[in-house]
Colleague: 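There's a structure below that I have some questions on.
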Amino acid sequence: MLKTSLAHEQLEWTKQKLDEIDATLASLEESAKSLSSAARIEAERALARIATARNEFSRNADVLRAQTADAGEGTYAALLAKWTEVELGLQTYLAAAASQADTVKNAFAARAAAQRVTWQKSLATIQAAASETVERARIEADAAAARLSEAAAKVEAKFGQASNAGDESWKAIQSAIAEAHAVQQRTWKAITDSFAKLG
């Protein structure tokens with residue numbers, strides 16, 4: 001389960017990074033058109049480096065996606081290496097465009113916008129999962145409360161029968177009380193376990 005969860009986290013991370021690369025690359029390609037010739041040559045080299053790293057990153061992401069549950073650390077390490085290559089390419093581009101503040105600003109703005117979109121998607125996923133977990137816990141708590149009410153009704157019925165009887169009835173009542181107490185303990189344990197899953 002933990003390995004599968006880690007693989008899914010890695011897949012989500014790769015998807016976010018691909019979205020970020022694509023948005024940043026599109027912005028940089030557009031901005032490169034406005035650079036001076038010397039800066040444009042350096043920027044185009046950096047763009048080629050980023051595009052190559054992006055394609056390799058995408059191929060490694062496909063391998064990770066195919067492996068899902070058995071995703072090895074080697075594949076993830078390769079993804080991290082390709083992401084480092086993307087970052088280095090971006091730094092090279094920014095160095096080439098350093099004299100044009102608008103170009104640098106646009107590159108950062110495009111990257112920030114892509115990150116915001118992926119974070120919002122992640123937040124929506126987390127919120128949906130939390131809502132589902134809360135709903136499941138509510139259902140479990142309602143079921144536990146219903147079992148507790150049922151047990152209390154049984155005890156109450158036994159009390160009514162005991163008013164006409166002697167020692168034997170009192171033993172039955174004590175047994176019913178013990179049974180109701182056991183049900184209550186199991187119920188509260190189920191409720192607290194359900195809420196513990198939320199935390």
Side-chain angles (χ1 to χ4, degrees), residues 1-136 196-199:
M1 172 75 176
L2 182 59
K3 196 171 189 178
T4 301
S5 176
L6 178 60
H8 287 291
E9 287 178 29
Q10 291 172 346
L11 283 173
E12 183 62 28
W13 180 83
T14 60
K15 184 182 176 316
Q16 291 174 357
K17 292 305 179 186
L18 278 170
D19 290 346
E20 187 177 326
I21 293 170
D22 291 341
T24 304
L25 196 54
S27 173
L28 295 178
E29 288 169 344
E30 189 61 36
S31 297
K33 295 173 186 174
S34 67
L35 295 174
S36 64
S37 61
R40 186 178 310 149
I41 291 170
E42 273 304 303
E44 287 173 357
R45 280 190 202 133
L47 288 172
R49 181 179 180 182
I50 294 170
T52 300
R54 183 251 180 253
N55 293 337
E56 290 176 18
F57 186 90
S58 182
R59 277 192 293 278
N60 287 336
D62 291 341
V63 169
L64 182 64
R65 205 173 290 112
Q67 294 175 345
T68 331
D70 297 327
E73 288 299 312
T75 305
Y76 188 63
L79 282 168
L80 288 175
K82 291 305 162 200
W83 183 251
T84 301
E85 186 64 25
V86 168
E87 291 289 343
L88 291 172
L90 178 62
Q91 293 305 317
T92 302
Y93 180 93
L94 293 174
S99 65
Q100 296 187 345
D102 284 346
T103 301
V104 173
K105 181 182 135 204
N106 291 340
F108 282 119
R111 189 171 188 184
Q115 286 175 341
R116 186 180 67 247
V117 168
T118 58
W119 293 341
Q120 287 171 337
K121 287 178 186 176
S122 293
L123 181 59
T125 302
I126 290 167
Q127 287 173 332
S131 294
E132 182 181 315
T133 303
V134 168
E135 181 60 20
R136 264 186 281 138
K197 290 176 188 174
L198 297 176

Colleague: Determine whether I21 and W83 make a side-chain contact, defined as any pair of heavy atoms from C-beta on separated by less than 4.5 Å.
Modeller: yes

Colleague: Answer yes or no: is there a side-chain heavy-atom contact under 4.5 Å between F57 and T14?
Modeller: yes

Colleague: Return the minimal non-hydrogen interatomic distance between A97 and L35, and the atom names on each side.
Modeller: CB-CD2, 3.8 Å

Colleague: At what distance, to the nearest 0.5 angstrom, does CG of N55 lie from CZ of R59?
Modeller: 6.0 Å

Colleague: Please examine the side chains of R54 and L18, heavy atoms only from C-beta on, and report whether any two atoms are closer than 4.5 Å.
Modeller: yes

Colleague: So, R49 side chain and V86 main chain: donor-acceptor pair closer than 3.5 Å or not?
Modeller: no

Colleague: To the nearest 0.5 Å, how far apart are CG in L25 and CD in E30?
Modeller: 12.0 Å

Colleague: Hey, does the side chain of Y93 reach the backbone of A32 with a donor-acceptor pair shorter than 3.5 angstrom?
Modeller: yes

Colleague: Working to the nearest 0.5 Å, report the span between CD of E132 and CD of Q127.
Modeller: 14.0 Å

Colleague: If we ignore hydrogens and angles and just use 3.5 Å, is the side chain of S34 paired with the main-chain N or O of S31 as donor and acceptor?
Modeller: yes

Colleague: If I take atom CG from residue L47 and atom OG1 from residue T92, how far apart are they, to the nearest 0.5 angstrom?
Modeller: 10.5 Å

Colleague: S27 side chain to A23 main-chain N or O, any donor-acceptor pair under 3.5 Å?
Modeller: no

Colleague: If you apply the rule side-chain contact (heavy atoms from CB on, under 4.5 Å), what do you find for K15 with K121, and how did you get there?
Modeller: CA-CA 11 Å; K15 184 182 176 316; K121 287 178 186 176; 3.9 Å; yes

Colleague: First locate atom NZ of K17, then atom OG1 of T24, and finally report the distance between them rounded to the nearest 0.5 Å.
Modeller: 9.5 Å

Colleague: Can you see which heavy atom on R40 is nearest to which on K33, and at what distance?
Modeller: NH2-O, 3.1 Å

Colleague: Mind checking whether V117 and D19 have side chains closer than 4.5 Å, heavy atoms only?
Modeller: no

Colleague: CG/L28 to CD/E44 distance, rounded to the nearest 0.5 angstrom?
Modeller: 12.0 Å

